[in-house]
Chemist: 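This is the structure I want to talk about, given as structure tokens.
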Amino acid sequence: MLYTLANSSWLDTFSPQAQKSAIDALEGGQVIYLPQLAFEFSAAEKELLTPRILGEGSKNISYNPTRKTLKGVINLEKDTHCLKKMMARYSSVSDNLLNALFSRYAGSLMKGRTSFRPIEIAGRATSLLKDDTRLHVDAFPATPNHGKRIIRVFTNVNPVGKGRIWHLGEPFEQVVEQFLPLLRKPLAGMRRLLFWCKVTKTYRTLYDHYMLMLHDEMKKDAFYQRRVKKTVVDFQPGTTWIVMTDSVSHAALSGQFVLEYTSYLPPHAMANVEQSPLFILEQALGQKLIDS
Ligand code: SIN
Ligand code: FE
């Protein structure tokens, strides 16, 4: 479940053999766990460790590295500047780490957003489909990703010793086998309409449709959530972990203050493309899933 690396610097380099083993672990559905890799805050940045910096109605603060903008933050000039610098730094060191550890992906990795999550997860009021305390694979209704892998870097930055408690569920192939009978075809014309009405940012491919169904059906099934085999992992403050959240069944049960960086990877850049959700779903459904 966990593939542990003892590195304690974001600037480390990795031998070809170390990279190969890490890639096989990552693509094989393990979590790359770096228990000694902390993300340090300056004294001023420590002031940001409060949910009060969230804008009204926001769960997270997100940083867009292309536009260099923040979303979800309350409008405090001083904090905004400090927060943006901190999140830009996290985005940059995480991106360096991914490129160093998985240099075979270099040139193919696409930078996504960084989020700062300052709310306690346990007991947070949310709708069932947004409830990340239930096991799920990541798929997002408004942002189709057309088969690209989602690679996420997380660091627990809790200042008072509180772990981030996760569940890890069964392998993706088994999730698919379990929910295959429930994967219905999309209604004719629906995905065009969603795009036309700007409900989705880009066209929702069949891949995105079925991934979203998997995500939703997993969360909706209380019996499955109870009985499926799962492992509890306690990610302590000062630890970092990397995971392909589109294939690894995961849930975050409790914890407060985490940083998360998202990167995307076209499946053809993988070492073992047959382990991509796109390949596995295409095999299971017997059809191509990237349509237009
Ligand atoms: C998730 O990706 O489902 C939540 C992870 C977290 O916030 O720890
Ligand atoms: Fe998730």
Side-chain angles (χ1 to χ4, degrees), residues 1-2 26 29-35 37-39 49 51 54 58-63 71-72 87 90-91 94 112-145 148-159 161-172 175 179 208 211-221 224-225 228 230-265 277:
M1 283 265 153
L2 298 185
L26 182 81
Q30 296 201 63
V31 173
I32 310 290
Y33 175 47
L34 298 121
L37 187 60
F39 182 72
L49 290 165
L54 279 173
S58 304
K59 282 198 318 191
N60 298 330
I61 291 165
S62 91
Y63 171 72
K71 244 170 71 182
M87 292 182 70
Y90 187 73
S91 163
S94 299
R113 284 166 209 255
T114 287
S115 69
F116 174 49
R117 307 179 176 191
I119 297 188
E120 168 60 53
I121 305 166
R124 189 177 64 186
T126 184
S127 65
L128 186 131
L129 293 181
K130 287 193 177 150
D131 182 1
D132 288 339
T133 68
R134 292 165 179 257
L135 283 165
H136 63 281
V137 289
D138 282 352
F140 305 101
T143 45
N145 74 18
K148 290 194 293 297
R149 306 302 318 269
I150 304 173
I151 306 177
R152 287 187 149 170
V153 182
F154 293 88
T155 303
N156 185 346
V157 292
N158 186 286
K162 194 164 200 284
R164 201 163 188 91
I165 311 297
W166 272 35
H167 274 162
L168 293 172
E170 59 187 0
F172 188 76
V175 173
F179 289 97
D208 295 295
M211 284 298 287
L212 198 56
M213 285 204 87
L214 265 187
H215 167 275
D216 292 359
E217 293 303 331
M218 287 174 84
K219 283 189 175 172
K220 285 195 299 202
D221 190 337
Y224 174 77
Q225 293 285 334
V228 70
K230 49 182 102 60
T231 307
V232 183
V233 188
D234 178 349
F235 295 108
Q236 282 291 298
T239 71
T240 294
W241 60 104
I242 308 170
V243 49
M244 286 183 149
T245 53
D246 53 352
S247 63
V248 174
S249 167
H250 64 283
L253 303 189
S254 65
Q256 185 176 14
F257 303 119
V258 81
L259 279 164
E260 170 271 329
Y261 168 74
T262 301
S263 189
Y264 299 97
L265 182 77

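The structure displayed is predicted, hence computed values, not measured ones. Counting starts at 1 for both ligands and their atoms, following the listed order.
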Chemist: Check Asp138 and report its N/O/S atom nearest to the Fe ion (ligand 2), by atom name.
Modeler: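 Atom name of the closest N, O or S in Asp138: OD1.
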
Chemist: Which residue supplies the protein heavy atom nearest to atom 2 (O) of ligand 1, what is that atom called, and how far is it?
Modeler: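 For this ligand atom, the closest protein heavy atom is His250 NE2, 3.2 Å.
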
Chemist: Report yes or no: does a heavy atom of Trp166 sit under 4.0 Å from some atom of ligand 1?
Modeler: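 Trp166: in contact with ligand 1 (<4.0 Å).
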
Chemist: Salt-bridged, Lys219 to Asp132, with N to O below 4.0 Å?
Modeler: yes

Chemist: For this output row, return yes or no: ring centroids of Phe116 and Tyr63 closer than 6.0 angstrom.
Modeler: no

Chemist: Testing the 3.5 Å rule here: is there a donor-acceptor pair between the side chains of Thr240 and Thr155?
Modeler: yes

Chemist: Of all the N, O or S atoms in His136, which has the shortest distance to the Fe ion (ligand 2)?
Modeler: NE2

Chemist: Between Arg164 and Thr239, is any side-chain donor less than 3.5 angstrom from a side-chain acceptor?
Modeler: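 Looking only at side-chain atoms, Thr239 and Arg164 do not form any donor-acceptor pair under 3.5 Å.
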
Chemist: Just give me the atom name: the N, O or S atom of His250 closest to the Fe ion (ligand 2).
Modeler: NE2

Chemist: Which residue holds the protein heavy atom closest to atom 8 (O) of ligand 1, what is that atom called, and what is the gap in Å?
Modeler: Arg164 NE, 2.6 Å

Chemist: Parallel under 30°, tilted from 30 to 60°, perpendicular over 60°: which one fits the rings of Phe39 and Tyr90?
Modeler: perpendicular

Chemist: Give the atoms of ligand 1, by number and element, whose distance to some non-hydrogen atom of Ala252 is under 4.0 Å.
Modeler: 4 (C), 5 (C), 6 (C), 8 (O)

Chemist: Quick one about His250 and His136 (side-chain donor to acceptor, distance below 3.5 Å, no hydrogens or angles considered), yes or no?
Modeler: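 Yes, because at least one side-chain N or O of His136 sits under 3.5 Å from a partner of the opposite role on His250.
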
Chemist: Pick whichever of His136, Arg152, Arg134 has a heavy atom sitting closest to atom 3 (O) of ligand 1.
Modeler: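 Going through His136, Arg152, Arg134 one by one, His136 has the nearest heavy atom to atom 3 (O) of ligand 1.
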
Chemist: Give me the nearest non-hydrogen protein atom to atom 7 (O) of ligand 1 as residue plus atom name, then the distance to 0.1 Å.
Modeler: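 The protein heavy atom lying closest is Arg117 NH1, 2.7 Å.
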
Chemist: Ring-plane angle category for Phe154 and Trp166, please: parallel below 30°, perpendicular beyond 60°, tilted otherwise.
Modeler: perpendicular

Chemist: Check Glu260 against ligand 1 and report side chain, backbone, both or neither, counting heavy atoms closer than 4.0 Å.
Modeler: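 Contact part for Glu260 vs ligand 1: neither.
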
